[in-house]
Visitor: 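Can you keep this structure in mind? I'll have questions shortly.
Since we're looking at a predicted model, the values are computed, not measured.
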Amino acid sequence: MRISFPPPVTFAGDAILNEYTELGGDCTEFYGESMAGRGEQEELAKAQFLSLKPPCVSLMREKTLKTVLSLEDVLKSLSPLSPSLLEYVLFPLQMTLQQSIGSDTHLAEAVLKCITFLFKSSRVTSDKPFFELLSIFLIMIDKDEKSPAEPRLSQYKGAAFTSDEIFERLLETLQHLFIRSDPSVLESFYSNVLIVGKSVSLIVETLKDSKSMSRQCLLRAVHCLVGVTHVDSEGWMESIVSDFPKFCSATLGVGKGEKILSSFLPGVCLTLSELITSDNRIGQSVISLGLLALTHFIVLILNESQWEKRELGNDEKNVRDKGQLLVRQDEDWWKMADNKMQKLLSSLLLSLSRHDSWKVRLALTASATKLLTSCQKSLPGCCGPVIELLVTLSLDTQPTVADNANTTMDFLSASMKYPGTLTSIMEEKLYDLSSTLPRLMRDSSEEKKLISLKLLQGYLKFLKSQVSHVTCSSAHMTRLLQALAQSIQLDTSRPLLMESKRGGVVINQDEYDWTPPLSFSHLRDSETIKSIQESCRLLGRHGNTSVVMDTLVHTITGSESNRSEYLLILHWLMKGVGPHASLNLLINGLIDVWEEIRGDGLSLNISSTLVYQICFINLLIGDVAVIQGVDFVVHLQHTLGIVMANISSSNAVVSRTSVGVATQIAVSTGHNDLQGLITGCADYLVNEVHHQLLYYPSKTISCYILRAIIEHCDYELLSLLKDCKDTLILSLHQSPLDGWSVLHSLSKRLPDWVAMETKVEVGEKKQVEKEVQVEDEDDSKDERVTLEDISNYFMNYHKKKREEEEEEKEIEENDDEEEGDIKTSNLY
């Protein structure tokens, strides 16, 4: 289709121009009354004309690079230039461009550069030069050889592609032609849908070949496309960084031509979307600018003010506009636009939220901010994806991005015009995500998993105190916890969990990680694990503690399904629980679970699932101790025995975790170390040992506690076992394997105790001068159980036991002889 541009401006020829300038004419015939009768402006225009006359004449006579640069220097000295002189300067430049195209690339580039500066220093106030230059520039960037062109302009066909420098400079010149034109000129431009369509389509066409274009050419093409709306996009990224709120409110989405540009919105959006997602090698600057340009067109055309002006009837004007290629912006059109934009933004914006460049994510934040503040009513379907994007960006690792996203969220929560509050939208999103989270963790890529978990974390972070209202329902709480448990399904096939302990366990709390190694079936990336940990922490901090604890305790005690996962969630959740929370129900639940699994949990053939469960129970006991501090002493009587028994476990992971937890409890309750904890709570431990020996058929637990005492404390604590020594000896005899393990631990500690006793005796001799202290030491010696006493006790016990066995054997032999005599007498 041939596009008929308005008649081109008719400039004076070389002879006429030379005649006027040589005779000193004021050129009023060229410019009418613009330079006459206006006081200071007239004097300024005359002075500028006299300065421009020599370089313009020289350029008309000799079209060289030197004369073009000379004219540019004069323009720089006169800036700003009077608009009435624009056509006078443009004429020789246009003639030079026409001659240099296709023959002298450097000269053509210099001419375009000079014209660009001319636009920057002045304004286009007349339609004729605007449309003349527009027609030339569009033909120069038109690649289609079959597209018709006027014969007088045919030499410009495709001239922009002779070099990247020419192409970039031409796009810059075209950009400033749009930007520096008066509103009256642009009104004539926007009134012709064919010219606007041709301009937009040719600029968009240049962006489709992004792989063969340089980065600077792509940037300039995007700038030129934005320039069609009479907006200068130079320095947008700098404005975002320096003044984010001002940029979003006063710059992005502000422009002209929104009515006629709506016909070309689909093509613009698709092209910019392809550019943004085409290849990361085009650079973060191109992606950021393309994203902002896309948002600019969407907001400019689909903002709320345009939605309020939507067409409700079917009058003749609408039918006539439709025939002239203008879309009819009725209710159906707006619904279709909302649906299309929702699909576009859902896939585009969320995919960019994980971009490596923080500037791209900052541009994404600006786009989301502008869309939510300007298109809530006109594009209601897009609010959900954009809110999800802002929630994700509020957790960004770059402070600038996170702060701006959080500022936007706070602003929206106070001024949300969307039906219903932002909080209710967040709650609904949280419920929906709870239903889909397990499936996403199983079937999605690592990137989508992280995005989903970031959304969950963001919802909990934004809702804050509202989380307690969201989770006040046990059904909702169960649904959310079940989704979390199914998402973090543990992998119990790791051989490291089955590591056997060899020798004693020595823990350096500052240098050794004593927590159990975690392996998940569906989670591989460390970022996803950190995100779900933070979500659990936020749930513990802001959720309804009583409902959360009641739901979790009921779940772990009532069923074995996903018990390990629920215990792990509870461990992560405890990181956010405050010191005033009531945790008695949790302690009772942990004790019940331990009583259920203790038989199999301390066996030699312990399963990986039980390893996880025992470790998590110990970790939770340590978590409660950290939260309650010295107040935890009331629970030591019932929980310390569990931890001490697991210290002596044959599984290295369980033993290592238990020692770390015991040290954690010692520090939290005011004891210096593990030995101090055992010494301070010796009565609890002895009572636990005695209770286990008397009332439980299996002696394993009591023997494990004894081994922990022997391995980590001094021999002086053995004197506390005097009251239960008979029960202890009998139990060791009934359970030889456990008994020998205790004796083995005892034999390993004997050399250390001998050394300790020697040091004590040397210290006592040094204090012999003090009689009172000597008497106290003698009394304590009498009461203390020495190594000789222990040895003699076991020897006497063994001797007594052997005598009892011999007596029982003699009695049995006598009974057999008497029974034989009776049978013989009866026979006779």
Side-chain angles (χ1 to χ4, degrees), residues 9 11-12 14 17-18 20-22 24-28 30-32 34-36 38 40-101 104-126 128-130 132-134 136-137 140 165-166 168-182 185 220 223-224 227 232 234-235:
V9 61
F11 291 101
D14 292 0
L17 180 60
N18 291 337
Y20 266 81
T21 55
E22 289 176 359
D26 58 2
C27 292
T28 53
F30 290 102
Y31 307 106
S34 60
M35 297 183 59
R38 299 197 178 181
E40 295 181 359
Q41 293 183 2
E42 180 184 4
E43 295 298 328
L44 177 62
K46 288 182 178 180
Q48 291 180 342
F49 172 75
L50 293 176
S51 299
L52 288 170
K53 180 175 63 175
C56 287
V57 172
S58 299
L59 183 59
M60 288 296 299
R61 291 174 177 174
E62 186 179 1
K63 299 177 178 58
T64 62
L65 181 62
K66 181 179 179 180
T67 55
V68 173
L69 295 178
S70 176
L71 176 58
E72 184 179 357
D73 292 338
V74 174
L75 288 173
K76 291 180 180 179
S77 64
L78 298 177
S79 181
L81 183 68
S82 174
S84 58
L85 296 174
L86 181 69
E87 294 182 51
Y88 176 74
V89 180
L90 276 176
F91 179 71
L93 289 172
Q94 182 181 349
M95 294 297 103
T96 306
L97 178 64
Q98 182 178 1
Q99 178 178 322
S100 61
I101 282 297
D104 192 341
T105 303
H106 296 290
L107 179 59
E109 182 182 356
V111 172
L112 291 173
K113 181 180 178 182
C114 187
I115 294 175
T116 302
F117 182 80
L118 179 62
F119 289 152
K120 291 180 180 179
S121 60
S122 184
R123 299 192 319 274
V124 181
T125 57
S126 175
K128 290 182 179 181
F130 173 84
E132 173 70 11
L133 291 174
L134 179 62
I136 294 175
F137 295 156
M140 290 178 69
E165 292 78 10
I166 292 290
E168 180 184 354
R169 190 64 66 184
L170 176 61
L171 290 175
E172 183 181 9
T173 307
L174 181 58
Q175 170 195 354
H176 286 87
L177 175 64
F178 289 119
I179 296 173
R180 300 299 296 174
S181 297
D182 279 355
V185 176
R220 189 54 59 188
H223 285 308
C224 186
D232 185 6
E234 300 279 357

Visitor: Evaluate the side-chain proximity of Thr96 to Thr64: yes if any heavy-atom separation is below 4.5 Å, no if none is.
Guide: no
Visitor: Name every donor-acceptor pair, under 3.5 Å, that has one atom in a side chain of residues 107-121 and the other anywhere in the protein, sequence neighbours excluded.
Guide:
from, atom 1, to, atom 2, distance (Å)
Thr116, OG1, Leu112, O, 2.8
Thr116, OG1, Thr173, OG1, 2.6
Ser121, OG, Phe117, O, 3.1
Ser121, OG, Leu118, O, 3.2

Visitor: Would you say that Glu168 contacts Glu172 through its side chain, given a criterion of any heavy-atom pair below 4.5 Å between the two side chains?
Guide: no
Visitor: Between Ser126 and Glu87, what is the shortest heavy-atom contact and its length?
Guide: CB-OE2, 3.8 Å
Visitor: Please round to the nearest 0.5 Å and tell me the distance separating atom OG of Ser84 and atom CZ of Phe49.
Guide: 10.5 Å
Visitor: Working to the nearest 0.5 Å, report the span between CG of Leu171 and CD1 of Ile166.
Guide: 11.5 Å
Visitor: Find the distance between NZ (Lys63) and CG (Leu97) and round it off to the nearest 0.5 Å.
Guide: 12.0 Å
Visitor: Taking all non-hydrogen atoms of both residues, which atom of Val74 and which atom of Pro55 are closest, and how far apart?
Guide: CG2-CG, 4.0 Å
Visitor: Is the shortest heavy-atom distance from the side chain of Leu90 to the side chain of Leu133 under 4.5 Å?
Guide: yes
Visitor: Over all heavy atoms of both residues, which pair between Gln48 and Leu81 is shortest? Give the atoms and the distance, please.
Guide: OE1-CD1, 3.5 Å
Visitor: Would a 4.5 Å heavy-atom cut-off, applied to side chains only, mark Glu165 and Thr105 as touching?
Guide: no
Visitor: With the side chain counted from C-beta on, respond yes when Val185 and Thr125 share a heavy-atom pair under 4.5 Å apart, and no when they do not.
Guide: no
Visitor: Just how far is it from atom OG of Ser181 to atom CG of Leu177, taken to the nearest 0.5 Å?
Guide: 4.5 Å
Visitor: Which distance, rounded to the nearest 0.5 Å, do you find between the CZ of Arg180 and the CG of Leu86?
Guide: 10.5 Å
Visitor: If the condition is side chain to side chain donor-acceptor pair (under 3.5 Å), which residues does His176 pass it with, not counting sequence neighbours?
Guide: none
Visitor: If you measure from OG1 on Thr67 to CG on Leu93, what distance do you get to the nearest 0.5 Å?
Guide: 9.5 Å
Visitor: Measure across Tyr88 and Cys56 and return the closest heavy-atom pair with its distance rounded to 0.1 Å.
Guide: CE2-SG, 3.8 Å
Visitor: Do Ile136 and Gln94 come within less than 4.5 Å of each other through their side chains, counting heavy atoms only?
Guide: yes
